[in-house]
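Hydrogens, waters and symmetry mates play no part in the numbers below; they use all other heavy atoms, side chains included.
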Number of protein chains: 2
Amino acid sequence: MTPGARRVLAAAGRLFYARGIHAVGVDLIAAEAGVTKKTLYDRFGSKDQLVVEYLADRDERWRAFLADRLQQVEPGSADRVLAVFDASRAWMTDSSPRGCAMINASAEISDPDHPAYPVITGQKTWMLDLFAELVREFHPTGAEELARTLLLLHEGALVAHGLRTFPDPIGHARDQARTLLDRA
Amino acid sequence: MTPGARRVLAAAGRLFYARGIHAVGVDLIAAEAGVTKKTLYDRFGSKDQLVVEYLADRDERWRAFLADRLQQVEPGSADRVLAVFDASRAWMTDSSPRGCAMINASAEISDPDHPAYPVITGQKTWMLDLFAELVREFHPTGAEELARTLLLLHEGALVAHGLRTFPDPIGHARDQARTLLDRA
DNA sequence: GAGCCACTATACAGATCGGTATACGATGGG
DNA sequence: CCCATCGTATACCGATCTGTATAGTGGCTC
């Protein structure tokens, strides 16, 4: 990726997340990146494709962030599940006050044929599979069902975080996940 | 409310929910309602105000729908909490495939000073208070904490429903709420 | 030095955005 | 009958939207 393209992706990431996808025009992104629209379209082809790369990039960075946190907890431990919630809280606390970028994007993209749609649903099913895998490591029976519950708690916490429904919802979800795991 | 205004609000409700707020222009709403823009602006003043009334109307209809379902279950019973999840599932199953309108709207409205913002957060805190009240009816101690967990499950289920992460997430949330209530 | 690459600058196309203006027709209550 | 209300139709405003076109610059490599 060229330096200009990198700056475009960085600017798009900031603006799309902070103000929403439809609310941000390509002129603003190009200006914020110190780049002309020509460069933007030469590198990304269309706004839709830029949206795809914005979400894919954010997803990639989140998975790397999470993998780093997970490897600090020994495999087979129930604490690995809690580490996911801890990672989410850390990720959200600094610089993600508006909740999950995938959920927000899906609210703006109604068309299921939009090229960004698989990126969004892909992250969610990946998270579901991750929970199932982590649970299966120490408690194989009923891992699927427990994983679904954990996912609901996690998604709900992200939403409540963005809406500020009550303080520290991700921490609360983590505590509930702990008692769920203790009882399993 | 005049017949024209009613049709405008109905059209706005359909279009805003199905395609998103920013993606729908006032020209389309007026055309879909069989009304000119003049009429639309005479009745609602601005698009922002129309958005507010769209959300407020939907919130009002949801609360009426929920109240009707709740009064069919005797007060003081834990089943009243489950009735909330049942109501949500019924509400979402027919004609709400894209999840919670408030969550979707909050994803598009980044400005906390937007007049629609209090409507969104208002429904969420109202739901939290409702859960707390319903729990308190039969189990006063720790009602606040349990209500928060129920809210997270509920919000997460709405999101998973909209994203189709797995089948019948609201039913799953209901089942988890049941075991939570049994243990309390 | 020729060719390629990343990028800049300016301008414009065609459409749509939210919002306003003017003028006219229908209806219904005092 | 008068007149306000509710609604119609059409046209327009400036701004902004995505996307394209032309022309040119500096640097790197073969």
Side-chain angles (χ1 to χ4, degrees), chain A residues 1-57 104-105 107-111 113-117 119, chain B residues 1-57 104-105 107-111 113-117 119:
Chain A
M1 194 166 348
T2 64
R6 245 189 297 272
R7 293 205 306 276
V8 167
L9 196 55
R14 272 184 292 114
L15 292 167
F16 282 155
Y17 182 75
R19 308 190 196 177
I21 293 172
H22 279 127
V24 173
V26 289
D27 298 81
L28 178 60
I29 295 173
E32 200 93 341
V35 153
T36 61
K37 283 206 290 175
K38 175 93 168 65
T39 302
L40 188 152
Y41 275 93
D42 283 347
R43 299 293 139 235
F44 296 96
S46 69
K47 185 186 179 181
D48 274 359
Q49 192 54 37
L50 180 57
V51 171
V52 171
E53 303 217 22
Y54 149 60
L55 292 174
D57 175 66
N104 291 351
E108 294 204 67
I109 298 172
S110 52
D111 180 17
D113 294 333
H114 192 286
Y117 204 78
V119 181
Chain B
M1 195 168 346
T2 65
R6 246 188 298 271
R7 293 204 307 276
V8 167
L9 195 56
R14 271 184 293 116
L15 292 167
F16 281 155
Y17 181 74
R19 308 190 197 178
I21 292 172
H22 278 127
V24 172
V26 290
D27 298 80
L28 178 60
I29 295 173
E32 200 93 342
V35 152
T36 61
K37 284 205 290 178
K38 172 93 164 63
T39 302
L40 188 153
Y41 275 93
D42 283 348
R43 299 294 138 233
F44 296 96
S46 69
K47 184 185 181 181
D48 274 358
Q49 191 55 37
L50 180 57
V51 170
V52 171
E53 304 216 21
Y54 148 61
L55 292 174
D57 175 67
N104 291 351
E108 295 205 65
I109 299 172
S110 53
D111 179 18
D113 293 334
H114 192 287
Y117 205 78
V119 181

Nucleotide [N], atom [atom2] - distance to [atom1] of [X] in whole Å:
X	N	atom1	atom2	answer
B:Leu28	C:dC17	CG	P	8 Å
A:Lys38	C:dC5	NZ	P	13 Å
B:Leu15	C:dC17	CG	P	12 Å
B:Asp42	D:dT8	CG	P	11 Å
A:Met1	C:dA6	CE	C1'	15 Å
A:Asp48	D:dG19	CG	P	7 Å
B:Phe44	C:dT20	CZ	P	16 Å
A:Tyr41	C:dA13	OH	C1'	13 Å

(message) Do the side chains of A:Arg14 and A:Glu32 get close enough for a salt bridge, i.e. N-O under 4.0 angstrom?
(response) yes
(request) With DNA chain D as reference, determine whether A:Val24 or B:Arg43 sits nearer its 5' end, using the nearest nucleotide of each. (result) B:Arg43
Does [X] reach a base, just sugar-phosphate, or nothing at all? Heavy atoms under 4.0 Å.
X	value
A:Thr2	sugar-phosphate
A:Gly45	nothing
A:Asp27	base

(message) Distance check, rounded to the nearest 0.5 Å: B:Ile21 atom CD1 versus B:Glu108 atom CD?
(response) 5.0 Å
(request) Apply the test side chain to side chain contact (heavy atoms under 4.5 Å, CB included) to residues A:Leu15 and A:Leu28: give CA-CA distance (whole Å), side-chain angles for both, the deciding distance (0.1 Å), then the verdict. (result) CA-CA 9 Å; A:Leu15 292 167; A:Leu28 178 60; 4.0 Å; yes
(message) Nearest to the B:Lys37 side chain among D:dG19, C:dG19, D:dG7, which nucleotide is it?
(response) C:dG19
(message) Which nucleotide wins on minimum distance to the side chain of B:Thr36, given the candidates D:dT18, C:dT8, D:dA9?
(response)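 For the B:Thr36 side chain, the nearest candidate turns out to be D:dA9.
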(request) Could you tell me whether the side chain of B:Glu53 and the main chain of B:Leu9 form a donor-acceptor pair under 3.5 Å? (result) no
(message) Using only atom types and a distance under 3.5 Å, with no angle test, would you say the side chain of B:Lys47 pairs donor to acceptor with the backbone of B:Tyr41?
(response) no
(request) May I ask you to verify if any side-chain N or O of B:Thr39 is less than 4.0 angstrom from the OP1 or OP2 atom of D:dT8? (result)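 The answer is yes; a side-chain N or O of B:Thr39 sits under 4.0 Å from OP1 or OP2.
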